[in-house]
Protein chains: 2
Amino acid sequence: MKALTKAEEQIMQILWDLKEAYVKDVLERMDDPKPAYNTVSTFIRILETKGFVKHRPIGKSHQYYPIVTKDEYRSFSIRRLLSGYFGGSFTKMASFFAKEENLDVKEIERIMEEVKKDVK
Amino acid sequence: MKALTKAEEQIMQILWDLKEAYVKDVLERMDDPKPAYNTVSTFIRILETKGFVKHRPIGKSHQYYPIVTKDEYRSFSIRRLLSGYFGGSFTKMASFFAKEENLDVKEIERIMEEVKKDVK
DNA sequence: AATATACTATTAAATAATTAGTAAAACCTA
DNA sequence: TAGGTTTTACTAATTATTTAATAGTATATT
């Protein structure tokens, strides 16, 4: 999987959110100052050539939808961070975060309880 | 703090590792195919204008050293990932990771013990 | 001193990413 | 059906990033 550029990522975030969308739907959700319609259209087509997005023709128009899921990209992003900055170890990252946030043992335990509940 | 580009980051990783280095030291640690001496030199000077690096003149030469620490950049990177993909919540990221790796409760607890030990 | 060496500074060239204009096709409406 | 609207496809322009050549300066070597 290839990393997304900043502008590409912005648009993927919207597509992940909407599940499927026309160019105009994506444009609508973009922050001001909104880019030109064609800017969005171009990026979506780039995302399509990169294999992140596909479309189905609806009348004369295209409805776009993500084929790389947000979870897949999440996973890719965590892995990249872990391997670049924490020797590939999630434990190291968690320790780093805990120290940085001055979490005490109680708080760490609360987080882990939450995780355990969630994993079940 | 501004994000590093890929090439800049590569060089910062080496500088963080070496703590202080001449251009040639950085070049030495780079993977083959090694770039030109001047390519490295240029990037280090870009890093200096971005405020990531400083130098002390040693004779006619410059010895470079990081002024943004690896920990500071680590922290910045985690935060960016959390805010973009986990609603800013470390717990969410941990849950996601645990599910993805199929960690069972035992393993989660082992990680937590490690973190607790480390935080003390 | 002349020549080679090691380095920095300046600049240019190549490539990648971002933005959007223009043209053409498809559709809608009076 | 002529004129306006919406949309895609193609292309150009701009800016950011990456790479390195060239030139200049100081030091070492013979």
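Letters go in sequence order (proteins before strands), and every chain restarts at 1.
Rounded to an integer number of Å, the gap from Gln10(A) CD to dT18(C) P is 9 Å. Between Met30(A) atom CE and dA20(C) atom P there is a gap of 10 Å when expressed in whole angstrom units. Atom pair Leu47(B):CG and dA16(D):C1' shows a separation of 15 Å (rounding to whole Å applied). For Ile11(A) and dA17(C), the CD1 to C1' distance is 12 Å, given to the nearest whole Å. For Leu27(A) and dA20(C), the CG to P distance is 11 Å, given to the nearest whole Å. In this entry the distance linking CZ of Phe43(B) with P of dT8(C) reads 16 Å, nearest Å. Protein atom CD1 of Ile46(A) is 15 Å distant from nucleotide atom C1' of dT8(D), rounded to whole Å. Separating the NZ atom of Lys24(B) from the C1' atom of dC7(C) is a distance of 10 Å, rounded to the nearest angstrom.
In summary, the aromatic rings of Phe96(B) and Phe86(B) are positioned with their centroids under 6.0 Å apart.
Of the candidates dA9(C), dT8(D), dT18(C), dT8(D) carries the atom nearest the Val23(A) side chain, counting heavy atoms from C-beta on. With dA20(C), dA9(D), dT19(C) as the choices, the nucleotide that has an atom nearest any side-chain atom of Pro35(A) turns out to be dA20(C). Nearest to the side chain of Ala7(A), among dT18(D), dA20(D), dT18(C), sits dT18(C). For Arg45(B), the listed nucleotide lying nearest its side chain is dA9(C); candidates were dA9(C), dA20(C), dT8(C). Of the candidates dT8(D), dT19(D), dT18(C), the closest approach to any side-chain atom of Thr39(B) belongs to dT19(D). Comparing atom distances between the Thr5(B) side chain and each of dT19(C), dT17(D), dT19(D) picks out dT17(D) as nearest.
Under 4.0 angstrom from either OP1 or OP2 of dT8(D) there lies at least one side-chain N or O belonging to Ser61(A). At least one side-chain nitrogen or oxygen of Tyr37(B) sits closer than 4.0 Å to the OP1 or OP2 atom of dT8(C).
The base of dT22(D) sits within donor-acceptor range of the side chain of Asn38(B), with an N or O pair under 3.5 Å.
Residues Lys6(A) and Ser41(B) both approach DNA chain C. Their nearest nucleotides, taken by heavy-atom distance, put Ser41(B) toward the 5′ side. Of the residues near DNA chain C, Lys34(A) and Lys2(A), the one whose nearest nucleotide (by heavy atom distance) lies more toward the 5' end is Lys2(A). Nearer to the 5' terminus of DNA chain D, by closest-nucleotide assignment, is the contact made by His62(A) (compared with the other of His62(A) and Thr42(B)).
More than 12 heavy atoms of other residues, nucleotides or ligands shown are found within 6.0 angstrom of NZ on Lys34(A). Environment of CZ in Arg79(B): crowded, with over 12 heavy atoms of neighbouring residues, nucleotides or ligands closer than 6.0 Å. Around atom NZ of Lys99(A), more than 12 heavy atoms belonging to other residues, nucleotides or ligands sit under 6.0 Å away.
With Arg74(B) contributing its side chain and Tyr85(A) its backbone, the two residues share a donor-acceptor pair below 3.5 Å.
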